There are 2 protein chains.
Amino acid sequence: MTLPVPADAPDPDDVGLRERKKRARRALLVDTAQRLVADHGLDAVTVELIGAEAGVSTRTFFNYFESKDDAVLGVEDSGIDPAVAQAFSAGGPSGLLLTDLQVLVAALLQRFAANRERTVRALRLMEAEPRLLQRHLVWMDRHKSELHALFDGRRPVAPFSADNELLTMLVLTLVRTAITAWERSGYHGDVDAHLSEAVAQLIHVVASDIAPSGVGPSDATSAERFHA
Amino acid sequence: MTLPVPADAPDPDDVGLRERKKRARRALLVDTAQRLVADHGLDAVTVELIGAEAGVSTRTFFNYFESKDDAVLGVEDSGIDPAVAQAFSAGGPSGLLLTDLQVLVAALLQRFAANRERTVRALRLMEAEPRLLQRHLVWMDRHKSELHALFDGRRPVAPFSADNELLTMLVLTLVRTAITAWERSGYHGDVDAHLSEAVAQLIHVVASDIAPSGVGPSDATSAERFHA
DNA sequence: ATGGAAAAATTCATCGAATGCAAGATTGAT
DNA sequence: ATCAATCTTGCATTCGATGAATTTTTCCAT
């Protein structure tokens, strides 16, 4: 008996005509939506209009996106890079929780900004249309269980006391801070640069409370709070 | 010339019939909405139904709330306690940023859980209806400018380097972590107890990265990272 | 290539949230 | 009692979103 290929091989790089058309259409819809919204504002642009402009029925639009806002943001449901996820769950790569969280977030941002132009356009629209910002948080919510699984995987290997919820929010904090900083820089360079800055700021906020007056490393307050 | 009372005295405790009715109706709508949603689920309950059950027209419902979800959560647009806000802006009360943030969040939670029963019901519904969770984040968004103003006020008095965005997200992190922990405890005791725990966890996450091997307060790594 | 299975697009109907407007009712001050 | 301000309501409408049934397109085996 020859090894049968699993009935539904989920080949990610399926380059059948079907898949190609689907991707092209999706991209077209995102571009169309972004252009229209940039010109006329989020509320003035109806799904019907986007569809018409892209030569697609309204109903089909909703086969591609869960909502109008999703289309405008061009949400791609890319999970976390499996390699990075694996490393994190195994207690790596550095063994230091915050440091490894940073790596995780870097991987997230990597995928998030996969298509730089589209991402920048989406972020610009987010500045103008605060309602879209909220979708950004929803996006995090979708990955919540994925993140929780990672935290639960790592806990036995490299124990830590923080709740999943706190770590998830911390991830979100880093993502948003990095992105905001990137925005402010006029989208110069890479997002990652701003991520390090975000982590540094976080450390600084906490550290300045632990060791206040710049007293230095031997301040007892640190130990007190740390081991309290 | 006698001192004329300002035309529109914004008496917060206006006990005219009008104001009393308004509050009663609002409360009734929230209670009705929560009861119905608890029984039949968020999507099965229409605004029309809530209105009918409360003896109020659909149109009036939307005079009280911006959305169905707002009614279910019973959102009260209570800002931050002015006294606490003032203290924070002035660089207090402790002068330590994180500590003072905790005070700020405590004040927020205080108002958030002003009506304990209603709040608990809202949180229970949030557990069952993830969509409501997102409103929770929108709520934060509404207060964002308020928070940013506080940060900007404090900055010159007691300088710090963190971005407004990061601090805002940190506030949100503490709020959510505290509330989640409160939920897990079966809503025992006060929310504030869990807030301290949330802060402790945050410190621990960062501190364990700064001073890894549990070496203690005199570890040089702390200073290195801190002053880098 | 060709016929048939699978997938995707379209049409059509429908629901419900949300808003604007104008007319009617209630409350508050004089 | 009166008049203005405020609140409620009914009505019409727009638009986002979903479900079901039908037609079109792509794919694959022969």
Side-chain angles (χ1 to χ4, degrees), chain A residues 2 4-11 14-29 32-33 36-37 40-73 75 129 131-132 134-135 138, chain B residues 2 4-11 13-29 33 36-37 40-73 75 129 131-132 134-135 138:
Chain A
T2 71
V5 172
D8 50 354
D11 188 343
D14 186 342
V15 268
L17 176 55
R18 198 165 257 165
E19 192 61 21
R20 253 184 303 130
K21 273 200 170 181
K22 228 165 78 172
R23 291 183 193 178
R25 205 159 234 198
R26 185 186 188 83
L28 176 61
L29 282 171
T32 307
L36 289 175
V37 170
H40 307 107
L42 186 55
D43 289 324
V45 175
T46 69
V47 172
E48 199 180 346
L49 180 59
I50 300 173
E53 199 84 358
V56 160
S57 82
T58 302
R59 191 59 181 82
T60 299
F61 177 96
F62 283 107
N63 287 344
Y64 281 83
F65 304 97
E66 287 184 9
S67 71
K68 186 173 80 172
D69 297 359
D70 275 8
V72 174
L73 293 181
V75 298
E129 305 277 359
R131 209 186 76 204
L132 291 177
Q134 135 187 19
R135 276 281 155 176
V138 174
Chain B
T2 73
V5 173
D8 48 354
D11 189 344
D13 282 337
D14 187 342
V15 267
L17 176 57
R18 197 163 256 164
E19 192 61 22
R20 252 184 302 134
K21 270 198 172 180
K22 228 166 77 174
R23 291 185 193 175
R25 205 161 234 194
R26 186 187 188 83
L28 176 62
L29 281 171
L36 289 175
V37 170
H40 308 107
L42 186 56
D43 289 324
V45 175
T46 71
V47 172
E48 200 180 344
L49 180 58
I50 300 173
E53 199 83 1
V56 161
S57 84
T58 303
R59 191 59 183 81
T60 298
F61 177 96
F62 283 106
N63 288 345
Y64 281 84
F65 304 98
E66 286 185 11
S67 71
K68 184 174 81 173
D69 297 359
D70 275 9
V72 174
L73 293 181
V75 297
E129 305 277 358
R131 208 186 78 205
L132 291 177
Q134 138 185 17
R135 277 281 156 176
V138 173

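Source: prediction; values computed, not measured.
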Nearest non-hydrogen partners of A:Leu73 and A:Leu132, listed with the distance: CD1-O, 3.8 Å

In whole angstroms, the gap separating P of C:dG16 from CG of B:Leu49 amounts to 10 Å

From D:dA5, C:dA18, C:dT10, nucleotide with atom closest to B:Ser67 side chain: C:dA18

With the side chain of B:Lys22 defined as its heavy atoms from C-beta on, choose the nearest nucleotide among D:dG16, D:dC7, C:dA8. D:dC7

Can you tell if the side chain of B:Leu29 reaches within under 4.5 Å of the side chain of B:Thr60, non-hydrogen atoms only? no

Contact class for A:Thr58 vs. all strands (heavy atom < 4.0 Å): base, sugar-phosphate, or nothing? nothing

Closest to the side chain of A:Arg59, out of C:dT26, D:dA20, C:dA17, is D:dA20

Can you tell me if the side-chain N/O atoms of A:Arg25 get under 4.0 Å from OP1 or OP2 in C:dA9? yes

Roughly how many Å is it from CZ in B:Phe65 to C1' in C:dA18, rounded to a whole number? 15 Å

Provide, to the nearest angstrom, the distance between the CG atom belonging to B:Leu42 and the C1' atom belonging to D:dA17. 15 Å

Minimum-distance nucleotide (side-chain atoms of A:Arg18 versus C:dT27, C:dT19, C:dA7): C:dA7

Check the distance between C:dA9's C1' and A:Leu28's CG and give it to me in whole angstrom. 15 Å

Just checking A:Phe61: base, sugar-phosphate only, or nothing, at a heavy-atom cut-off of under 4.0 Å? nothing

Looking at D:dT9, I'd like to know if its phosphate oxygens (OP1 or OP2) sit under 4.0 Å from a side-chain N or O belonging to B:Thr60. yes

Return the value, rounded to whole Å, for the distance between atom CD1 of A:Ile50 and atom C1' of D:dA17. 14 Å

Nearest-Å distance, CD (B:Glu48) to C1' (C:dG16)? 9 Å

With heavy atoms under 4.0 Å as the rule, sort B:Thr46 into base, sugar-phosphate or nothing. sugar-phosphate

CD of A:Glu19 versus P of D:dC27: gap in Å, rounded? 10 Å

I want to check one thing: is the phosphate of C:dT27, taken as OP1 and OP2, less than 4.0 Å away from some side-chain N or O of B:Arg20? no

Please round to the nearest 0.5 Å and tell me the distance separating atom OG1 of A:Thr46 and atom CD of A:Glu53. 10.5 Å

Measuring from the side chain of A:Lys68 (C-beta onward, heavy atoms only), which nucleotide among C:dA8, D:dG16, C:dA9 has the closest atom? D:dG16

State, to 0.1 Å, how close B:Val56 and B:Phe61 come at their nearest heavy-atom pair, and which atoms those are. CG1-N, 4.0 Å

Check the phosphate of C:dT27 against B:Lys21, side-chain N and O only, distance under 4.0 Å to OP1 or OP2. Yes or no? yes

Once you round to the nearest 0.5 Å, how far does CG of A:Asp69 lie from CD of A:Glu129? 9.0 Å

For B:Leu36 and B:Val45, work out which heavy atoms get closest and say how close. O-CG2, 3.5 Å

Does A:Tyr64 reach a base, just sugar-phosphate, or nothing at all? Heavy atoms under 4.0 Å. sugar-phosphate

Atom CG of B:Asn63 and atom P of C:dA25: how far apart are they, to the nearest Å? 18 Å

